[in-house]
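Report on one structure; see the data block that follows.
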2 protein chains.
Amino acid sequence: MARSIDKTKIENIRNSAMELVVEKGYGGASISEIAKKAAVADGYLYRFYKSKSELVNDLLYSLLKELVDNMELFISDTKLSVKDVIEKLVRLLFEMANQQSRKIKFLFVLMHDYNFEVHPEQRKRIFDLCRKAKNKGIKTKEISSAVDEEAIYLFTVSMPIQFLNLRLKNFFGKSSIGEKEIKMAINLSSKILL
Amino acid sequence: MARSIDKTKIENIRNSAMELVVEKGYGGASISEIAKKAAVADGYLYRFYKSKSELVNDLLYSLLKELVDNMELFISDTKLSVKDVIEKLVRLLFEMANQQSRKIKFLFVLMHDYNFEVHPEQRKRIFDLCRKAKNKGIKTKEISSAVDEEAIYLFTVSMPIQFLNLRLKNFFGKSSIGEKEIKMAINLSSKILL
DNA sequence: TTAAGATGAGTGAATACTCATTCATTTAAA
DNA sequence: TTTAAATGAATGAGTATTCACTCATCTTAA
């Protein structure tokens, strides 16, 4: 009956929130600044989210979902070996760092914040996918049974993200994230797991 | 002439600040709450620090100094092989996680915050120590020249801290940090670097 | 017309930080 | 040994500002 919701406004809010949380931390990213950056009224986001916390939690959830959905796609593809899966996953993370570094940084910031928890359901999904990868690897004799789910997560997700952020922060004076670095990360993961 | 400064008060402020930053993030840790937890007047900390930011930065600096000083001790000890150095360093981090998890968590939180930067001087120290370890390893033929400073940092500092925080957060339902886990972490680092 | 999208001034609470004041301790004169 | 002046450690009420959030109001497309 009346005009329809302008979805670009919500998208702007989500992008602004992400950017400001990365830049200033959760506590430092204020609602009014988020709204200002999104070119939207101060109170507008409360039509969609009950609170600032809910908005940011939803952002984290969506981003992880995007990542885990992709993981699932790779692992479920029976044509791919475990080595292939690792390569695909690492490539995905590196591409994200290059093309939408905001997202990698946001993940990085919130996953290390003791205020925010990965949703238990998502945690379980991640665990199950790591187990699936492990079992696949044992079947194809790529993985020794000594490797557990935690190690798989650590070296295919955690470690690449850690590396990417060293580069994004220019920690050791290097910031390049190219094919050379992708190959290196894949090698390291493979060396450990396979 | 007057009473002397009660150093336990300052220490209490530092401990409270650390705890609250871990629990609520930098923005969420308010001065009044820090003071309350330290059983000290609201404005007291301003006799020693110009601002909240200065206090927290000093906390990060001290903690890193403690760590880097130890790294230096290990690497400078000519009796130790690179494998020994890795073992010592990993053990140090794991002990810290067991006995003063607040410190590991604080490091974890602030090193992943885009507001806080490791002091350039400390960054350089870390880089130089990694280089020293690399050169030592090449001399003793423990390390291939393909391994660079960044990889050393990643697998002897970053990765163990990452693992410890998975456990401290109980991410995969496991929280034990014992000898078994230490051995595993040392193994993984060695496997990559040596 | 009208229903719903969108606004932004307004709310009380909380924020980081200041400073006039109080209090405990030390020193030294009586 | 006693006492009071001198000192600076420590306090906490007070500052302006900003915070997350609400809601009466306006705008616009159906």
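In what follows, every chain begins at residue 1, and chains take the letters A, B, ... in the order their sequences are listed.
Between Lys174(B) and Glu181(B), none of the side-chain N atoms (NZ, or NE/NH1/NH2) sits under 4.0 Å from a carboxylate O, so this pair counts as no salt bridge. With salt bridges taken as basic N to acidic carboxylate O contacts below 4.0 Å, none links Lys136(B) and Glu142(B). The existence of a salt bridge linking Asp58(A) and Arg14(A) is confirmed by a sub-4.0 Å separation between a basic side-chain nitrogen and an acidic carboxylate oxygen.
With hydrogens and angles disregarded, no donor-acceptor distance shorter than 3.5 Å links the side chain of Lys134(A) to the backbone of Leu129(A). When atom types are taken as modelled, the side chain of Gln100(B) and the backbone of Met96(B) share no donor-acceptor pair closer than 3.5 angstrom. Panel note: side chain Glu11(B), backbone Lys7(B); no donor-acceptor pair is recorded below 3.5 Å.
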Enumerate the protein-to-nucleotides 7-10 of chain C contacts in which both atoms are nitrogen or oxygen and the separation is below 3.5 Å.
unit_1: dT7(C); atom_1: OP2; unit_2: Ala41(A); atom_2: N; d: 3.2

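If you take NZ of Lys52(B) and C1' of dT15(C), they are 8 Å apart, rounded to a whole angstrom. Following rounding to the nearest Å, Tyr46(B) (OH) and dA20(C) (C1') show an atom-to-atom distance of 18 Å. In this structure, Glu54(B) places its CD atom 15 Å from P of dA16(C), rounding to the nearest Å. Separating the CG atom of Asp6(B) from the C1' atom of dC23(C) is a distance of 14 Å, rounded to the nearest angstrom. As a whole-Å value, the separation of Leu45(A) CG from dC23(D) C1' is 15 Å.
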Which atom pairs, one a donor and one an acceptor, fall under 3.5 Å between side chains of residues 87-94 of chain B and the rest of the protein, sequence neighbours left out?
unit_1: Glu87(B); atom_1: OE2; unit_2: Arg91(B); atom_2: NE; d: 3.1
unit_1: Glu87(B); atom_1: OE2; unit_2: Arg91(B); atom_2: NH2; d: 3.3
unit_1: Arg91(B); atom_1: NH1; unit_2: Glu179(B); atom_2: OE1; d: 3.1
unit_1: Arg91(B); atom_1: NH1; unit_2: Glu179(B); atom_2: OE2; d: 3.4
unit_1: Arg91(B); atom_1: NH2; unit_2: Glu179(B); atom_2: OE2; d: 2.8

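Within the structure, ring-ring contact (aromatic ring centres under 6.0 Å, His included) pairs that include any residue of residues 132-161 of chain A comprise Tyr153(A)-Phe171(B), Tyr153(A)-Phe172(B) (at least two apart or interchain). Residue pairs meeting the ring-ring contact (aromatic ring centres under 6.0 Å, His included) criterion with at least one member in residues 3-24 of chain A: none, sequence neighbours excluded.
Taken residue by residue, residues 25-38 of chain B places heavy atoms nearer than 4.0 Å to DNA chain C at Ala29(B), Ser30(B), Ile31(B), Ser32(B). At a non-hydrogen distance threshold of 4.0 Å, nothing from residues 10-20 of chain A comes into contact with DNA chain C.
Hydrophobic clustering of Ile, Leu, Val, Met, Phe, Trp and Tyr side chains at less than 4.5 Å, counting indirect connections, keeps Tyr61(A) apart from Met71(A).
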Show the numbers, then the answer: is there a side chain to side chain contact (heavy atoms under 4.5 Å, CB included) between Asn165(A) and Ile104(A)?
CA-CA 8 Å; Asn165(A) 274 281; Ile104(A) 284 281; 3.7 Å; yes
